[in-house]
Structures are given as C-alpha cells and as structure tokens.
Amino acid sequence: MIPRLKGTDDILPPESARWRRLLRGFDDLAARYGYDLVLMPVLEATELFARGVGADTEVVQKQMYTFEDRGGRSVTLRPEFTAGIVRAYVEAGGTGVMKVAASGPQFRYEQPQKGRRRQFHQVDLEYLGEPGPRADIEVIEMSHRLLAEAGVPGITVHLNSIGDASDRATYRDLLRDFLHGVANELSPDSRRRMDDNPLRVLDSKVDKDVVAAAPVPLDHLGAETAAHFAAVRSGLDAAGIGYEIAPRLVRGLDYYNRTVFEVFSPAFEAAQSSLGGGGRYDPLGELIGSRLPVPGVGVAMGCDRIVAAMPDLESPRLDVFVAVAGAAREDVASSWVRRLRAEGLRVDWAGGDRSLKSQFKAADRSGAAAVAVIGDEWERGEVRVKSMATGEEVTMDIEEAVAWLHR
RNA sequence: GUGGCCGUAGCUCAGUUGGUUAGAGCGCCAGGUUGUGGCCCUGGAGGUCGGGGGUUCAAGUCCCCUCGGUCACCCCA
C-alpha cells in the first residue's frame, strides 16, 4: 500500500461534515457581501511569489514547493492566494473594484505539526481597487463573521498598522538603531534580519522580552495612514467587532502596508494558533509588474484550523432511509428513492438484498431522521414510516408519507 | 532544517527476565428475531508486530540503520 505524502491529510467523514458546513457558510457569506467566485491556478511562475511575497521572506526562502516543469520553467505550487489573485486582476485589465472569494489547497514545504501541514486549505477574500478604509473594515468584519457563523467560540482580532513605505523610511532607522543597541541580546536569526528586514524582528517569539521596549510602527504613522487606521478602528467599533491593538504584529510577507490583522480562538490550541490573517497590500500590484497601483485588502483563513475549532453539530444527515423488505421490491424502492431525491429530500438506501435488521442498522449509522419500509403494504399503496429518534412507527398512504417526510 | 516522544487488527491499546499457534475492548459482518436500529448474547472476518539488517537455539521484546506519525523550535493559515 502506498501511503499519503507527509504533511498531507485525507479529510474523510465524519470530520468532513464540518468542512462542508464551513465551505457552504463561506460561500453564502461571500455572496451576501457581494464577493464573486474565482478559481485560481494551483501552479504559478516561481517569480510571482519571489517578487510578490518577497525574496527574503520565510515562505519564499524555505517553504516553497518549487520545481522545473518539462519546458524548463521554474514553477511553484501556490503557498498563498493573494499574489495569484492580484496577478489575475492585473492580467485581466486591472481597473475598478473587484471583490472575490476563493478557496482551495495551498502548499508549503515545512515540518508538519499541529495546525501546520504541507498541503493545507484556505478560504480567501480579496477586495481590490479600493484604497479607502471601508475595504479594510469589510474584510475584517467578514473574517470575524465567518468564524462566528461557523460556531467558533472566543474569537479575538489582533489589529495593527505598519504604515506606508514613506512612514517606515524614518521609522526603520529608529528601529535599526534600537536593535543595534541590543544586538548582543538578540538571537542569531534576529541579528541577521535587523538590517535587511528589521520589522520582522518585532514579532520574534524568542526575542519577545528584548523587543518589548522597541519603537513600534504605530507610533510613527504619517498623518494620512494614521487617519486611515483611525477610520478602520471606528468602522470596526460601529460594526461591533471587538479587537485588540497588537503593536508588534507585522506579518511575514513583504507586500503588506497599513492595516494588518490576525484572528484567533482559544478553541484551537496549538503553537500556531492563528486561524486567519490578512491586511492591506497596496504595494503588491507594482511588485509583480503592474504599471498602475492596485490598492487592495485581503484575508486568508486556514480551514484546517477553523474546522478543528468548530463544534460538532448533532443534526440528522438524512431525512429518510428507505428500507426494502424483499429483493423483489428493489425496483420500486429504487424509483421511489429517486423521486424523493428529485423532490429535494436527503435520501439513502442500501438495496434490498440485506436483512431488514441490517438495513435498520445502516439507517441508524447513516444518521437518518426516519426509516420508510417498502414491503407488502406497498401493494396496498402504503409505506411504514418510523421515526428513529422516538421509535414511533406508523403505516401511511404513500402520498401522505411523502408529505410527512417533507414536513 | 533541528530536537523530544511514539510505531502491535480499521481504531484505542495489552503483550512478563527474549521462549510454543500474538491478545483484549471498540468497530465491522452474520446469527439469536424468515418485517425493525440503539441495549444484550453468540459466532465470524480481519495482523508481512512500520521496513531492512544484525545478535541469538529462539526476537513483537535486544542492537544498528531507515521510513513514518506526533509535538515543539523557526515562521505562518
């Protein structure tokens, strides 16, 4: 037997029931907020991520599934959605507002652990072409709502602004000076980053204590970015979304500016406890070669982690399980099952070649609300219907039974 | 890439100082009930003991290598 690849998961029932709820909920949420569906390539040119995500980010340096295709091009299994969606927007003309929703697998070559897989799944929202804070607010609100509607308890939003490139030019020098002053207390990793990517030192776990006293971007915003952030905050207040300011939240990708955020729930306990994150990425379009700026905000949420934080819902899987007394009645049963399904009921059956007892066991396991038995009474135009919850059993006229099942 | 722990039935695990045909519970299938689930009883199917090599009269058990799982570091979904 050939086992699955390291860091990949088979998502089977009963766990997949929670996935179905999450994905349906996401689809519905996106539609309610005016986000259209997009289907994106899983494979992109390596260059897209190297330039968009950032050549010296962790993701690009260590985590990409990169290989040469048969034409000798370097291609990469997408490690995230945003760069590809912005590429698609630019490639399609890149004007105006586009609000889109995507979902599917992502790939990062890492050592797996709880909540961190080599193939993982995300649902993703991108609000493109809108520079104003309404986009930031909407995306954060939707992130919160998705989790709330999925039944995830204790949702908290961590929010920060890392400013624009112009804000950071002066701030970066301040931070560098600070880091150089404490250089001998920093970990080797942070020491290496403090010159070329000093912001990332801020959210280092190992250097948490040293960095606690460092200057933060939030205190060095320009007038416009500060106003933008204030507007995001008051918008969230108006939406009733609680959040915590996280001054050292910077996120690992190069394309972010202004608003960044992550969402958490105590129901998902792991070292990597973030269920999703995102932010504004106005520089991204130009990083990947757009001649026009592409303002945008997006969020990616980790389905695997969300599902782990979702409660099990005890509701019947099927409206009715059809049991057949006697293999001779298979054909009638089959066409009745077909009719009920066509009418929109959730129906299953196991054929008529097994004992009724065995069919009832199957019905029980299938989570059916009721069992309908097709037997002798069918000849008189009747079926016997049993409620699996109460054990109550009634013989009814066929049409009456159909109406009862639809109730 | 680094480290800790763990690999015996579909699942959870037991298996004595190395010693005969490797066990249990749950699950699955069937019967007890020739038309009725959950509870109960009976029976059945199901295992290259992760893989390879070594030590030994003898290895699930000891040694080495390797693969995998899991958790953590780094970083993120």
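None of these values were measured; they are calculated from a predicted model. Letters A, B, ... mirror the listed sequences (proteins, then strands); counts begin at 1. Heavy-atom basis, side chains included; hydrogens, waters and symmetry copies ignored.
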Report task. List for me each residue that meets side-chain hydrogen bond (donor to acceptor under 3.5 Å, both in side chains) alongside A/Glu185, sequence neighbours excluded, and say none if there are none. Result -> none
What distance, rounded to whole Å, do you find between the two [atom1] atoms, one in [N] and one in [M]?
| N | M | atom1 | value |
| --- | --- | --- | --- |
| B/G37 | B/A59 | C1' | 47 Å |
| B/G43 | B/A24 | P | 11 Å |
| B/U16 | B/G54 | P | 25 Å |
| B/G38 | B/A30 | P | 12 Å |
| B/G50 | B/G60 | P | 10 Å |
| B/U8 | B/G47 | P | 15 Å |
| B/G15 | B/G32 | P | 39 Å |
| B/C26 | B/U66 | C1' | 33 Å |

Report summary line: Rounded to whole Å, the CG-P distance (A/Asp353 to B/C29) equals 13 Å
Pairs satisfying salt bridge (charged side-chain N to carboxylate O under 4.0 Å, His left out), at least one member in [range], at least two apart:
| range | result |
| --- | --- |
| residues 236-254 of chain A | A/Arg251-A/Glu262 |
| residues 367-389 of chain A | A/Arg329-A/Asp376, A/Arg329-A/Glu379, A/Arg380-A/Glu382, A/Arg384-A/Glu393 |
| residues 124-133 of chain A | A/Glu130-A/Arg134 |

Is the number of heavy atoms from other residues, nucleotides or ligands within 6.0 Å of [atom1] ([X]) greater than 12?
| X | atom1 | value |
| --- | --- | --- |
| A/Glu224 | CD | no |
| A/Glu269 | CD | no |
| A/Arg407 | CZ | yes |

Query - Ring-face cation contact, A/Phe229 with A/Arg258, 6.0 Å cut, 45° max - result: no
Report task. Begin from the C-alpha positions of A/Arg117 and A/Asp9 and carry the test salt bridge (charged side-chain N to carboxylate O under 4.0 Å, His left out) through to its verdict. Result -> CA-CA 8 Å; A/Arg117 320 297 299 161; A/Asp9 292 314; 2.9 Å; yes
**Report entry** Which atom of A/Ala30 lies closest to which atom of A/Leu125, heavy atoms considered
**Finding:** CB-CD2, 4.4 Å
Do any N or O atoms of the protein come closer than 3.5 Å to N or O atoms of nucleotides 4-8 of chain B, and which pairs are they?
none

**Report entry** Stems where RNA chain B pairs, listed by first number, each of three or more Watson-Crick or G-U pairs under 3.5 Å
**Finding:** B:1-7 with B:67-73, B:10-13 with B:23-26, B:28-32 with B:40-44, B:50-54 with B:62-66
Please write out the pairs of protein N or O atoms and N or O atoms of nucleotides 33-37 of chain B separated by less than 3.5 Å, giving the distance to one decimal.
unit_1 : atom_1 : unit_2   : atom_2 : d
B/G35  : O6     : A/Asp376 : N      : 2.8
B/G35  : O6     : A/Asp376 : OD2    : 3.1
B/G35  : O6     : A/Glu377 : OE1    : 2.9
B/G35  : N1     : A/Glu377 : OE1    : 2.8
B/G35  : N1     : A/Glu377 : OE2    : 2.8
B/G35  : N2     : A/Glu377 : OE2    : 3.0
B/U36  : O2     : A/Lys386 : NZ     : 3.1
B/U36  : N3     : A/Glu393 : OE1    : 3.4
B/U36  : N3     : A/Glu393 : OE2    : 2.4
B/U36  : O4     : A/Arg384 : NE     : 3.0
B/U36  : O4     : A/Glu393 : OE2    : 2.3
B/G37  : O2'    : A/Asp364 : OD2    : 3.1
B/G37  : N7     : A/Lys386 : NZ     : 2.9
B/G37  : N1     : A/Met388 : O      : 2.5
B/G37  : N2     : A/Asp364 : OD1    : 3.1
B/G37  : N2     : A/Met388 : O      : 2.8
B/G37  : N3     : A/Asp364 : OD1    : 3.4

Query raised in the report: Could you run down nucleotides 42-47 of chain B 5' to 3' and tag each one B, S or - for protein heavy-atom contact under 4.0 Å?
Result: ------
Query raised in the report: Going 5' to 3' along nucleotides 72-77 of chain B, which nucleotides have protein heavy atoms under 4.0 Å from the base (write B), which only from the sugar-phosphate (write S), and which from neither (write -)?
Result: BBBBBB
**Report entry** Validation row: A/Glu47, A/Ser74 side chains within 4.5 angstrom (heavy atoms)
**Finding:** no
Query raised in the report: Less than 4.5 Å apart, any side-chain heavy atom of A/Val307 and any of A/Ile11?
Result: no
**Report entry** A/Glu110 backbone acceptor or donor facing A/Arg118 side chain under 3.5 Å
**Finding:** yes
Requested in this report: Only counting residues at least two apart or in another chain, list the ones meeting salt bridge (charged side-chain N to carboxylate O under 4.0 Å, His left out) with A/Arg346.
Outcome: A/Asp319
Can you give me every donor-acceptor pair (side chain of residues 144-158 of chain A, partner residue at least two apart or in another chain, under 3.5 Å) with its distance?
unit_1   : atom_1 : unit_2  : atom_2 : d
A/Arg145 : NE     : A/Tyr33 : OH     : 3.0
A/Glu149 : OE1    : A/Arg32 : NH2    : 2.7
A/Glu149 : OE2    : A/Arg32 : NH1    : 3.3
A/Glu149 : OE2    : A/Arg32 : NH2    : 3.4

Query raised in the report: Under the side chain to side chain donor-acceptor pair (under 3.5 Å) rule, what pairs show up with a residue in residues 356-374 of chain A, not counting sequence neighbours?
Result: A/Arg354-A/Ser358
